[in-house]
Number of protein chains: 2
Amino acid sequence: MSQTVDRALSILPLLAEGPANLEQVATRLGVHKSTALRLLRTLHEHGIVHRQPDQRYRLGARLFALAQQAVENLDVREIAHPHLVELNAQTGHTVHLAVHEEDEVLYIDKVESRYPVRMYSRIGKPVAITVAAVAKLLLADLPEPERRSVAEGLDYPRYTARSITNSSAFLAELAKVREQGWATDLGGHEESINCVAAPVHGPDGRCVAAMSVSAPNVVVSADELLTLLPLVRRTAEAISAEYSGKTPPRQSPSEASPS
Amino acid sequence: MSQTVDRALSILPLLAEGPANLEQVATRLGVHKSTALRLLRTLHEHGIVHRQPDQRYRLGARLFALAQQAVENLDVREIAHPHLVELNAQTGHTVHLAVHEEDEVLYIDKVESRYPVRMYSRIGKPVAITVAAVAKLLLADLPEPERRSVAEGLDYPRYTARSITNSSAFLAELAKVREQGWATDLGGHEESINCVAAPVHGPDGRCVAAMSVSAPNVVVSADELLTLLPLVRRTAEAISAEYSGKTPPRQSPSEASPS
DNA sequence: AATGCGTATTGCAGGTAATGCAATGAATCG
DNA sequence: CGATTCATTGCATTACCTGCAATACGCATT
């Protein structure tokens with residue numbers, strides 16, 4: 001809509017790949033160097049990009065700070081966190097919290113496994129939307145037309161032999177998940193990783209977030225992981241109840257600031 | 001430099017405070033609603049802002065993803081991480097890694113304490129630059145004129161009775177830190193929290209990052225924490241050596257992706 | 001030092017594209 | 001059903017963005 005802003009914002013993903021100098025930015029943006037310079041200057045003034053000693057540009061600190069503030073303002077996260085910690089304490093496995101936004105599903109909180117074999121994931125990172133258990137729950141909750149249109153607009157990478165690889169299979173899976181009220185991913189993303197997930201509902205019944213417990217085969221088998229399902233569902237329901245104001249918020253642990 | 005981009009970017013910190021509707025954005029930006037709308041649309045197309053069901057705008061998912069990628073491209077972080085984990089395993093305390101950028105010092109990595117009493121901090125968040133041990137190290141490394149000008153441009157909030165509250169005291173502290181090659185914060189930010197920190201040097205000898213171990217008084221006294229200093233310094237030097245290519249990188253632990 | 005090369009930066013004139021206005025939709029509420 | 005509020009659109013005006021070309025800067029080479 002706004003050409004100038006559009007160009008400026010297009011610089012960001014470009015810099016996310018790694019540092020670049022003025023000429024590279026100008027070329028990849030398809031504009032004159034002087035134009036790129038002015039855009040970069042403006043981004044720089046706002047701290048969105050940073051200039052390295054070698055004059056190349058990188059994404060800057062304020063971007064972190066913004067993302068930070070944004071994630072802290074998500075009230076589901078705030079409420080859910082102690083529950084995630086507790087679930088982690090009870091099971092020992094990695095616990096994730098995810099939300100749906102703009103055709104992406106992304107982790108907004110995580111508590112690490114106590115086992116030495118960890119899985120790679122990061123808060124803020126989009127999940128494998130076609131296979132992740134949390135993604136299934138969040139998409140399954142969409143109204144039919146939107147669910148269909150989203151499903152048909154996705155790519156279906158074949159991460160493993162057990163990945164879902166087309167929209168009709170995905171929609172069928174979503175229907176099943178919608179029906180049963182929980183979801184799994186059994187080796188659909190990484191051959192050796194299984195997850196069970198349950199939905200967090202808002203006061204209007206819509207699914208506002210989903211949480212999952214993930215563990216590699218080498219620690220527990222899929223069957224064993226499934227025995228945790230009732231616990232996961234209870235936890236998700238506790239979060240839902242609190243989020244909807246049906247339960248008083250829990251006492252939060254003491255916190256202070258370091259240097 | 002570019003008015004349009006400038007205005008668009010000014011929306012971000014505004015939305016970071018919390019969701020806002022079109023009129024609020026337009027008012028706080030000092031522009032007509034239609035102008036604000038077009039800016040928000042452009043931000044929206046790029047996923048930088050998100051539109052809630054109630055039509056209000058929030059910071060969006062792509063912002064996280066960008067911040068994510070940015071932090072992952074910091075190679076110091078990559079190298080340092082296993083060392084931080086190890087230091088945490090050895091001490092049990094919270095370990096931070098921080099860098100200096102554009103008059104701010106911010107955490108880029110963190111390993112949580114094993115003790116129940118945790119401290120509040122988040123990756124991406126600027127630190128209390130006038131008192132934090134890591135900030136002292138990073139600023140102490142600047143060349144004299146810049147160090148002075150930065151120090152004089154700072155605010156000196158009195159977090160506690162032990163906070164540094166003026167630029168000359170700060171410069172004196174920096175001189176001391178520069179001399180001794182390590183830094184502390186003994187209750188300067190939070191009365192009951194102490195930290196010891198050591199610098200990570202690049203191949204050219206410049207201080208590229210700083211790491212710290214932080215613990216509350218209730219867990220260990222300041223004196224006890226200081227006994228960890230040699231360990232902290234050794235760890236920082238190990239990171240420096242590896243970062244400068246003087247040591248082969250360590251084997252990273254097995255990692256896989258969850259759902 | 002002086003020269004040359006590759007960048008980054010600046011001033012300027014032309015014209016596009018951003019702006020504000022006013023009118024229209026859409027949605028909520030009494 | 002009318003009134004109110006807020007988002008959205010079309011349009012005329014001109015501010016601001018753009019690309020060009022000239023200049024300055026940093027760095028290496030001799």
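Within every chain, numbering begins at 1; the chains are lettered A, B, ... in the order of the sequence lines, protein sequences first and strands thereafter. All values reported here derive from a predicted model rather than from experimental measurement.
Along DNA chain C, the nucleotide closest to A:Arg38 and the one closest to A:Gln55 are compared, and the more 5′ of them pairs with A:Gln55. Between A:Val5 and A:Leu37, the residue whose closest nucleotide on DNA chain C is further toward the 5' end is A:Leu37.
Shown here for B:Tyr243 and B:His201, the closest heavy-atom pair between the two residues is CD2-O, 4.1 Å. Taking all atoms of both residues into account, the shortest heavy-atom contact from B:Arg147 to B:Ala140 is NE-O, 3.7 Å.
Protein atom CZ of A:Arg56 is 19 Å distant from nucleotide atom P of C:dG6, rounded to whole Å. In this structure, CD of B:Gln52 is placed 13 Å from P of D:dA7, rounded to the nearest angstrom. Between A:Gln24 atom CD and C:dG6 atom P the separation is 16 Å, expressed in whole Å. In this structure, NE2 of A:His32 is placed 14 Å from P of C:dT7, rounded to the nearest angstrom. Atom CG of B:Leu40 and atom C1' of D:dC6 are 14 Å apart (whole Å). Rounded to whole Å, the distance from CG on B:Asp54 to C1' on D:dT5 is 15 Å. As a whole-Å value, the separation of A:Lys33 NZ from D:dT23 P is 15 Å. Whole-Å rounding puts the A:Arg51 CZ to C:dT7 P distance at 14 Å.
In this model, the phosphate group of C:dA18 is not approached by any side-chain N or O of B:Thr4 to a distance below 4.0 Å at OP1 or OP2. One finds no side-chain N or O of A:Ser34 lying less than 4.0 angstrom from the OP1 or OP2 phosphate oxygen of D:dG19. The phosphate of C:dA17 (OP1 or OP2) has a side-chain N or O of A:Gln3 nearer than 4.0 angstrom. The side chain of B:Ser2 contributes an N or O atom lying less than 4.0 Å from OP1 or OP2 of D:dC17. Close to C:dT10, at under 4.0 Å from its OP1 or OP2, lies a side-chain N or O of A:Arg41.
Backbone-only contact: A:Arg7 has heavy atoms under 4.0 Å from sugar-phosphate atoms and none from a base.
Between the side chain of A:Gln24 and the main chain of A:Asn21, a donor-acceptor pair closer than 3.5 Å is present.
Taking 4.0 Å as the cut-off between side-chain N and carboxylate O, B:Asp141 and B:Arg178 do not count as a salt-bridged pair.
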- Message: The test is side chain to side chain donor-acceptor pair (under 3.5 Å); show your working for A:Asp109 and A:His96 and say whether it passes.
- Response: CA-CA 6 Å; A:Asp109 204 1; A:His96 280 101; over 6 Å; no
